[in-house]
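Throughout, a chain's letter reflects where its sequence line sits, starting with A, and its residues are numbered from 1. All heavy atoms count here, side chains included; hydrogens, waters and symmetry mates do not.
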2 protein chains.
Amino acid sequence: MTEPHELFSALGDRTRLGVLTALARSGPATATELAATIPVTRQAISKHLAALDAVGLVTRHQEGREVRYQFEADALDTVASWATDTAGTWDRRLDRLRRSLE
Amino acid sequence: MTEPHELFSALGDRTRLGVLTALARSGPATATELAATIPVTRQAISKHLAALDAVGLVTRHQEGREVRYQFEADALDTVASWATDTAGTWDRRLDRLRRSLE
DNA sequence: AGGAAACGCAACTAACGAGTTGCACTAAGG
DNA sequence: CCTTAGTGCAACTCGTTAGTTGCGTTTCCT
């Protein structure tokens with residue numbers, strides 16, 4: 001559903017990637033909690049979290065008046081498998097080329 | 001050297017990702033050859049190739065008057081290892097949490 | 001030699017995206 | 001209740017970027 005380039009685009013910003021790794025290392029957190037660590041506004045972080053949520057890298061969990069965001073490790077499987085697949089395609093191409101030269 | 005978010009940013013565009021996968025599948029090619037397949041201008045593709053070259057996803061090979069670009073599979077190792085590492089960090093966090101609940 | 005093919009550079013447009021500020025709304029707590 | 005903390009929404013600025021067109025340069029080929 002989520003196209004690869006959308007995933008990569010979501011990971012392609014410095015502060016947004018910082019938000020994601022913060023969630024991966026320190027566990028679920030809210031936008032205001034993250035804003036205390038990262039030197040940008042809460043609204044900016046909120047936008048980043050919305051972007052990460054849109055591609056499934058993060059899930060929303062409303063608890064009363066606050067919203068806690070959780071890192072979704074499964075979404076990175078798509079990234080890892082795309083990378084290995086594409087690199088693998090190249091390797092197989094090299095093999096075919098090598099064999100055709102014998 | 002190349003920061004992860006730069007790599008992801010380079011992969012975060014639809015047509016640019018198309019250029020890269022075309023090189024991975026069909027082997028080295030020039031900008032004009034790629035422009036015959038992908039519905040954008042040669043200059044646009046040339047810019048994309050420059051962006052991919054800047055992060056090491058592709059290498060330039062000048063041959064007379066034409067420049068042939070080659071896919072570099074090794075650059076994707078960084079992508080794959082980052083994904084598995086980050087997911088792994090999360091898994092270890094889950095393990096610690098699970099153990100602390102016993 | 002001279003045309004055609006391949007490329008690079010520069011200027012420009014249009015759109016997107018990151019970040020901010022301001023305000024309204026809702027839920028929690030004394 | 002009334003205050004305060006946590007979000008969301010909207011409008012705005014500013015930098016970046018994808019894409020185009022135009023032109024000049026170099027290389028190949030007949």
Arg65(A) (side chain) and dA28(C) (base): donor-acceptor pair under 3.5 Å: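 Donor-acceptor pair under 3.5 Å: no.
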[Y] backbone acceptor or donor facing [X] side chain under 3.5 Å:
X: Arg16(A); Y: Ala10(A); answer: yes
X: Thr21(B); Y: Gly18(B); answer: yes
X: Ser81(B); Y: Thr78(B); answer: yes
X: Thr30(A); Y: Glu33(A); answer: yes
X: Glu66(B); Y: Glu63(B); answer: no

Looking at DNA chain D, which of residues 43-52 of chain A put a heavy atom within less than 4.0 Å of it?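 Heavy-atom contacts with DNA chain D come from Gln43(A), Ser46(A), Lys47(A).
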No-hydrogen, no-angle side-chain donor-acceptor test under 3.5 Å, Ser46(A) and His48(A):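 No donor-acceptor contact under 3.5 Å links the two side chains.
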Residues Thr15(B) and Asp13(B): side-chain donor-acceptor under 3.5 angstrom: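 Side chains of Thr15(B) and Asp13(B): pair found under 3.5 Å.
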For Arg60(B) and dC7(C), is the shortest distance between a side-chain N/O and OP1 or OP2 below 4.0 Å?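 No, no such contact exists.
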Would you say Thr30(A) reaches dT7(D)'s phosphate, i.e. side-chain N/O to OP1/OP2 under 4.0 Å?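 For dT7(D), OP1 or OP2 has a side-chain N or O of Thr30(A) closer than 4.0 Å.
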Quickly work out the [X] [atom1] to [N] [atom2] distance and round it to whole Å.
X: His61(B); N: dC7(C); atom1: NE2; atom2: P; answer: 14 Å
X: Arg68(B); N: dC28(D); atom1: CZ; atom2: P; answer: 13 Å
X: Gln62(B); N: dC7(C); atom1: CD; atom2: C1'; answer: 8 Å
X: Leu11(B); N: dT17(D); atom1: CG; atom2: P; answer: 15 Å

Can you pull out the residues from residues 12-26 of chain A that lie within a 4.0 Å heavy-atom distance of DNA chain C?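 DNA chain C contact set from residues 12-26 of chain A: Asp13(A), Thr15(A), Arg16(A).
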Counting heavy atoms from C-beta on, name the nucleotide in dG19(D), dT20(C), dT7(D) closest to the side chain of Thr41(A).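 Of the options given, the side chain of Thr41(A) lies nearest dT20(C).
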Sole residue of Leu34(B), Val19(B), Leu49(B) in side-chain contact (heavy atoms from CB on, under 4.5 Å) with Tyr69(B):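 The option that passes is Leu49(B).
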Relative to each other, are the rings of Phe71(A) and Trp90(B) parallel, tilted or perpendicular (30° and 60° limits)?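 Ring orientation, 0 to 90° scale: perpendicular.
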Does Arg42(B) or Glu66(A) map to a spot on DNA chain D nearer the 5' end, using the closest nucleotide for each?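 Its nearest nucleotide being more 5', the pick is Glu66(A).
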